[in-house]
**Q** 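Would you mind keeping the following structure in view while I ask a few things?
Here the structure is a predicted model, which is why all the values come from computation and not from measurement. All heavy atoms count here, side chains included; hydrogens, waters and symmetry mates do not. The chains referred to below are lettered A, B, ... by the order of the sequence lines, with proteins before strands, and numbering in each begins at 1.
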Amino acid sequence: MKVSQLFTKTKKEAPADEQAKNAQLLIRAGFVHKEMAGAYDYLPLGIKVLENIKQVVREEMNSISGQELIMTGIQRKEIWETTGRWDDKVVDVWFKSALKDGTEVGFGWSHEEPIVEMVKKYLESYKDLPINIYQFQTKLRNELRAKSGIMRGREFVMKDMYSCSIDEAQHEAFYQATIEAYKRVYDRLGIGDDTYVTFASGGAFTQFSHEFQTICEAGEDVVYLHRGKNIAVNEEVVDDENLAKLGIKRDELEKVKTAEVGNIFNFGTQKSKEMDFTFVNDIGEKQLVHLGSYGIGITRVMGVIAEKFSDEKGLVWPASIAPYHVYLVNIGVDDNVVVATEKLYEDLSGQGVEVLYDDRDVRPGEKFADADLLGIPHRVVISPKTIEAGMIEYKSRTGEESELITIEELKQKLQK
RNA sequence: CGGGGUGUGGCGCAGUUGGCUAGCGCGCGGCGUUUGGGACGCUGAGGUCGUAGGUUCGAGUCCUAUCACCCCGACCA
């Protein structure tokens, strides 16, 4: 992509109606546009990051036998009434509307009930289990207050996965596999070291659920960490009884601000009972399905990464999700420079490297500033100087100094 | 939903105890000079001051209502 063709433009100043760092940077750099409080458009640069995050998650979910699908965002009232959750007093984030004929419908804030209702049509015997399905869905939640930029909106993208198992043992195996898959996801996204599997309130069926909490000042949660034993406990469930169960003492814990980037639940057979979600076992008896639910807030993760990996110059994307890998700059109006830069652009692009080529006729300082603001991991400069040396000039986004290297050496850096 | 704050060209802001053609910076168009960390000169376009009503000879400025946005709290599978 050439910068001259990008319809978005960068801004020197942060918008006045955003306090959150993630929103300020993402808007300044042209990744997102605010439509209203808690609702953002993802622009060409932003959607590349979003898709890259989704791809990492997709690969890991597929690796544990997840099957991708996508459900509708419009939901039937009757389905939610089976569990009592159509009621606004029970679920206060509903967006509701009606069809022209008066039929009431809701917009999906979750897909738990609808997915059970859907799978019921296909699940007959134990031979069909387990079933692990997931989707990337835009959730709509009528939050009383949106905040923190893209980290807590009224509309957001979530990966939600659901497991249907024969029994507790089969469920547990998948639950553990998911924890491991989630760890790989966060590692690949560059936040693995700061993300903790955290004990949180479990609801009716189980003692605890597990949240994936990433240390982040802009987060909404407070977690108590035991770094020695690598145990984390959500503030909501820190009490002497629970700490004793986990074998840790209160004075060994460190209090940190975190953002919840994932949450996994064991529903047991509770919901299956309410919704009559059953299968026939090997001796012909009707059994309740054992359910699990596993979420990752895709857009929130993007916000958390923007918050954590940024400096005074702008964003700093991890290579795994950066919208482009190389920011290519030509300096000097001399024809040789332009030809050499175009050639390198074609060469790298032809090899599958995502290059953002700043072909604009603006001063170098502006190009460098934008390279930094956009947070592209690698910056390459072609100038009369580099051509004379038969080299290219390289600097990483986080590096202090640039260096002259060969194109081959650049390609080696891109491998990493 | 309770509390606090903010709405003035595309963006960021100033605008005194009510006063005359509503300013500044950035950005944008034209011309020229520039070209290794967001250049400079000249010039030009662009604003029903969130909206509605009211007070007044006169309202960006005062009053009332309302909408939007931000922050704190509450809420949050």
**Q** Which base sits across from B:rC20 as a Watson-Crick or G-U pair, both distances under 3.5 Å?
**A**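 By the stated definition (distances under 3.5 Å), nothing pairs with B:rC20.
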
**Q** In the strands shown, is B:rU61 matched to any nucleotide by a Watson-Crick or G-U wobble pair with both distances under 3.5 Å, and which?
**A**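 Per the H-bond distance test, none.
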
**Q** On a whole-Å scale, what distance lies between the C1' atoms belonging to B:rU16 and B:rG73?
**A** 36 Å

**Q** Would you call the rings of A:Phe174 and A:Tyr294 parallel, tilted or perpendicular, taking 30° and 60° as the class edges?
**A** perpendicular

**Q** Looking for any heavy atom pair under 4.0 Å, which part of the strands does A:Lys139 touch: base, sugar-phosphate only, or nothing?
**A**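 Nothing, no nucleic acid heavy atom in range.
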
**Q** Between B:rU66 and B:rC75, how far apart are the C1' atoms? Round to whole Å, please.
**A** 26 Å

**Q** When you check the phosphate oxygens OP1 and OP2 of B:rG38, does a side-chain N or O of A:Arg363 lie under 4.0 Å from one of them?
**A** no

**Q** With both distances under 3.5 Å as the test, what is the Watson-Crick or G-U wobble partner of B:rG2?
**A**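 The base-pairing partner of B:rG2, which may sit in any strand shown, is B:rC72.
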
**Q** Would you say B:rC72 has OP1 or OP2 under 4.0 Å from some side-chain N or O of A:Arg145?
**A** yes

**Q** NZ of A:Lys385 versus P of B:rG36: gap in Å, rounded?
**A**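 These atoms are roughly 9 Å apart.
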
**Q** Could you tell me how far B:rC63 sits from B:rA68 if I compare only their P atoms? Round to whole Å.
**A**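 Their P atoms lie roughly 22 Å apart.
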
**Q** Could you state the CD1-P distance from A:Ile331 to B:rG36, rounded to the nearest angstrom?
**A**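 My rounded result for the distance is 7 Å.
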
**Q** Classify the nucleic acid contact of A:Thr10 as base, sugar-phosphate or nothing, counting any heavy atom under 4.0 Å across all strands shown.
**A** base

**Q** Output the rounded distance in Å from CD (A:Glu366) to P (B:rG37).
**A**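 Rounding to the nearest Å, CD of A:Glu366 and P of B:rG37 are 13 Å apart.
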
**Q** Between A:Lys313 and A:Gly38, which has a closest nucleotide on RNA chain B that is more 5'?
**A** A:Lys313

**Q** Taking atom C1' in both B:rU43 and B:rG50, compute the distance separating them and give it to the nearest angstrom.
**A** 33 Å

**Q** Searching all strands shown, indicate the nucleotide that pairs with B:rG7 (Watson-Crick or G-U wobble; both distances under 3.5 Å).
**A** B:rC67

**Q** Kindly say whether A:Leu374 contributes a backbone atom to a donor-acceptor pair with the side chain of A:Trp317 at under 3.5 angstrom?
**A** yes

**Q** Of the listed nucleotides (B:rC75, B:rU35, B:rG12), which one gets closest to any side-chain atom of A:Asp92?
**A**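 Looking only at heavy atoms from C-beta outward on A:Asp92, the closest nucleotide is B:rC75.
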
**Q** Counting the atoms with a prime plus P, OP1 and OP2 as sugar-phosphate, which does A:Asp372 contact under 4.0 Å by heavy atoms, base, sugar-phosphate, or nothing?
**A** base

**Q** Is a donor-acceptor pair below 3.5 Å formed from side chain A:Arg152 to base B:rC76, judging by atom type as modelled?
**A**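 Answer is yes: a donor-acceptor pair is held.
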
**Q** Give A:Ala14 one of three labels, base, sugar-phosphate or nothing, depending on what nucleic acid heavy atoms sit under 4.0 Å from its own.
**A**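 Here A:Ala14 touches the backbone only, sparing every base.
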
**Q** Who is the Watson-Crick or G-U wobble partner of B:rG36, with both distances under 3.5 Å?
**A**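 Checking every strand shown, B:rG36 finds no partner, since no pair has both distances under 3.5 Å.
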
**Q** Identify, between A:Ala146 and A:Lys367, the residue whose nearest nucleotide on RNA chain B lies closer to the 5' end.
**A**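 The residue mapped nearer the 5' terminus is A:Lys367.
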
**Q** Please report, rounded to the nearest Å, how far the P atom of B:rC1 is from the CG atom of A:Leu144.
**A** 7 Å

**Q** Starting at CD of A:Glu13 and ending at P of B:rG10, how long is that distance when rounded to a whole Å?
**A**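 Atom CD in A:Glu13 sits about 15 Å away from atom P in B:rG10.
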
**Q** What's the closest nucleotide to the side chain of A:Ala37 if the choices are B:rG12, B:rU35, B:rC70?
**A** B:rC70

**Q** Looking at OH of A:Tyr162 and CD1 of A:Ile131, how far apart are the two atoms once the value is rounded to the nearest 0.5 Å?
**A**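 So the gap between those two atoms works out to 14.5 Å.
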
**Q** C1' atom, B:rU21 versus B:rG58: distance in rounded Å?
**A** 16 Å

**Q** Between A:Arg184 and A:Glu59, does any NZ, NE, NH1 or NH2 come within less than 4.0 Å of an OD or OE carboxylate oxygen?
**A**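 No salt bridge links A:Glu59 with A:Arg184.
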
**Q** Looking at the base of B:rG7, is there any donor atom on it, or on the side chain of A:Asp17, that sits under 3.5 Å from an acceptor on the other one?
**A** no

**Q** Under the 3.5 Å rule, do the base of B:rG36 and the side chain of A:Glu393 count as making a donor-acceptor pair?
**A** yes

**Q** Mind calculating the distance between CE (A:Met36) and P (B:rC67) to the nearest angstrom?
**A** 16 Å

**Q** If we call it a pair only when both distances are under 3.5 Å in a Watson-Crick or G-U wobble match, what pairs with B:rG29?
**A** B:rU43

**Q** How far does the C1' atom of B:rG46 sit from the matching atom of B:rG30, given to the nearest Å?
**A** 15 Å

**Q** Distance between the C1' atoms of B:rG60 and B:rC49, in whole angstroms?
**A** 5 Å

**Q** If you look at every strand shown and take non-hydrogen atoms under 4.0 Å, does A:Arg28 touch a base, only sugar-phosphate, or nothing?
**A**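 Contact class for A:Arg28: base.
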
**Q** Could you tell me whether the side chain of A:Asn52 and the main chain of A:Lys48 form a donor-acceptor pair under 3.5 Å?
**A**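 Judged by distance alone, yes, a pair lies under 3.5 Å.
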
**Q** Between B:rA45 and B:rG53, how far apart are the P atoms? Round to whole Å, please.
**A**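 Pairwise P distance, B:rG53 against B:rA45, rounds to 32 Å.
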
**Q** Using atom CD1 of A:Ile382 as one end and atom P of B:rG36 as the other, report the distance to the nearest whole Å.
**A**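 Nearest whole value for this atom pair: 16 Å.
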
**Q** Quick one: which of B:rC69, B:rG38, B:rC71 gets closest to the side chain of A:Gln19?
**A** B:rC71

**Q** Can a side chain N or O of A:Lys12 be found less than 4.0 Å away from OP1 or OP2 on B:rG25?
**A** no

**Q** Does any N or O in the side chain of A:Glu403 come within less than 3.5 Å of the main-chain N or O of A:Glu393, such that one atom is a donor and the other an acceptor?
**A** no

**Q** Under a 3.5 Å cut-off for both distances, is B:rA14 Watson-Crick or wobble paired, and to whom?
**A** none

**Q** Given 3.5 Å as the limit, does a donor-acceptor pair link the side chain of A:Ser272 with the main chain of A:Val289, or not?
**A** yes

**Q** Count the heavy atoms of every other residue, nucleotide or ligand shown that sit under 6.0 Å from CD of A:Glu388, and state whether that count exceeds 12.
**A** no

**Q** Give the rounded distance in Å between these two atoms: NZ of A:Lys147 and P of B:rG3.
**A** 19 Å

